[in-house]
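Protein chains get the first letters and strands the later ones, always in sequence-line order, with residue 1 at the start of each. The basis for the numbers below is simple: all heavy atoms, side chains too, and nothing from hydrogens, waters or symmetry mates.
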Protein chains: 2
Amino acid sequence: MTDSDKNTEKTILLSARKIFTIKGFDGARMQEIADDAGINKALLHYYYRTKDKLFEAVFKEVLNLIFPKIISILQSPIPVFEKIEKISLTYIEMLKQNPDLAIFVFHEISRNPRRLVENFRNAGIDFEIIRSQISLEAARGIIVPIKAEHLITNLISMCVFPFIAKPVLKGMMGMDEEAFQQFIEERKSVIPHTLILSLTPDK
Amino acid sequence: MTDSDKNTEKTILLSARKIFTIKGFDGARMQEIADDAGINKALLHYYYRTKDKLFEAVFKEVLNLIFPKIISILQSPIPVFEKIEKISLTYIEMLKQNPDLAIFVFHEISRNPRRLVENFRNAGIDFEIIRSQISLEAARGIIVPIKAEHLITNLISMCVFPFIAKPVLKGMMGMDEEAFQQFIEERKSVIPHTLILSLTPDK
DNA sequence: GTCTATAAACAGATAGAC
DNA sequence: GTCTATCTGTTTATAGAC
């Protein structure tokens with residue numbers, strides 16, 4: 001495989017990711033991806049055979065950008081409050097860099113849930129670790145009792161949803177693009193603040 | 001317009017909504033909608049001219065199912081804590097009845113943000129009302145100070161996101177369908193509980 | 001108002017030259 | 001490895017009979 005091959009292949013994948021994440025699988029056109037990559041449509045098929053296989057390549061890449069990081073933080077041996085802060089920070093920053101990823105991933109998964117299992121073997125998160133940590137800290141009076149499922153869902157919801165609902169939020173709250181970016185930046189501290197307040201026992 | 005006309009038109013809209021919400025605009029096929037409605041494909045065009053216009057009819061209907069209710073609660077003259085409880089309850093219940101609506105609406109809006117403005121004139125929520133209520137209650141020491149934008153975003157995020165991420169959450173937390181329904185039911189009280197804890201001043 | 005048949009445009013995929 | 005040209009199946013939309 002020559003250098004040029006590698007570059008073309010990489011260029012295609014980059015353009016494919018761009019188009020797929022914006023338009024979705026059904027809305028994306030091979031022609032548009034080729035145009036964006038500055039090459040011919042036939043080359044896409046030369047490198048990736050079918051639209052499906054090209055999509056799978058993109059999707060696998062995206063899944064591995066989104067999930068492993070958060071899973072590793074969730075399972076790391078640090079206090080719950082620190083996990084909340086760390087996840088808010090890294091997740092929001094990642095989505096700031098890739099604002100279209102969230103809606104894309106969840107749309108495609110809901111269109112075909114099998115994609116999740118087929119493209120993401122490392123889904124092997126041991127949620128029991130989180131459960132026991134949270135009940136342990138609750139037993140010690142460090143945090144208020146709460147089901148791990150709800151706490152984690154609350155956390156991820158508040159981080160991810162604003163990117164999914166961006167146009168609605170902007171419209172509803174009268175924000176321009178700059179105000180929205182500022183709003184997102186604020187959430188890095190607002191989310192931990194909110195959750196930690198809700199978890200702190202009365203003194 | 002005869003009774004039969006009205007019924008056919010309504011049947012088409014019902015099937016269109018079903019197919020569009022599951023597959024999205026790009027993934028939906030006029031043939032599939034016709035099959036679901038038990039009629040011929042040509043009839044779709046007789047009643048709605050184009051796929052686009054049929055979609056607009058569906059989308060307008062869905063937007064008016066999703067937004068007006070929450071907006072009216074947001075603007076109603078009740079205390080913040082009551083608003084939080086009422087919105088959690090009604091929104092989660094509505095999404096339980098229509099679990100595919102959330103991902104559908106946000107996907108289509110993000111594909112084409114113009115759809116939001118064009119199909120939803122009543123978007124005229126006066127967010128200033130919420131802002132002033134929240135700063136008023138904060139000034140009176142009823143709640144802890146927080147920007148209205150963040151509080152409302154937190155609330156809606158926690159209500160809506162679980163439906164968008166359903167397959168991921170089920171996989172991650174090892175829930176079957178029944179457990180997930182139970183989980184959703186619990187959120188009707190978990191969300192208000194979480195937010196109210198975070199908003200209650202120290203005593 | 002409802003159907004069958006078909007037009008017209010499109011999109012994914014391949015053949016074959018260079 | 002990259003291109004042009006083309007095939008094949010699909011999909012929206014319309015024509016026209018009943």
Ignoring backbone atoms, establish whether A:Thr8 has a side-chain N or O less than 4.0 Å from OP1 or OP2 of D:dG1. no
Any chance you could list the contact pattern along nucleotides 12-18 of chain C? Use B for base contacts, S for sugar-phosphate-only contacts and - for none, protein heavy atoms under 4.0 Å, 5' to 3'. BBB----
For B:Glu118, is there an ion pair with B:Arg115 - N to carboxylate O distance below 4.0 angstrom? no
Please check if atom CD in A:Gln97 has more than 12 non-hydrogen atoms from other residues, nucleotides or ligands closer than 6.0 Å. yes
Write down the distance between CG (B:Asp35) and C1' (D:dT11), rounded to a whole number of angstrom. 13 Å
In short, ring-ring contact (aromatic ring centres under 6.0 Å, His included) pairs touching residues 144-175 of chain A with sequence neighbours left out are A:His150-B:Phe183, A:Phe161-B:Phe106
My understanding is that only one of B:Arg187, B:Lys69, B:Lys188 makes a salt bridge (Lys or Arg N to Asp or Glu O under 4.0 Å) with B:Glu93; could you say which? B:Lys188
Find the distance B:Leu44:CG to D:dT12:P and express it as a whole number of Å. 10 Å
Keeping to residues at least two apart or across chains, list the ring-ring contact (aromatic ring centres under 6.0 Å, His included) pairs with something in residues 66-86 of chain A. A:Phe67-A:Phe120
Expressed as a whole number of angstroms, how long is the span from A:Asn7:CG to D:dT2:C1'? 15 Å
Separation of B:Leu43 atom CG from C:dT2 atom C1', in whole Å? 5 Å
If you take the centroid of each ring, where Trp contributes its six-membered ring, are A:Phe20 and A:Phe55 closer together than 6.0 Å? yes
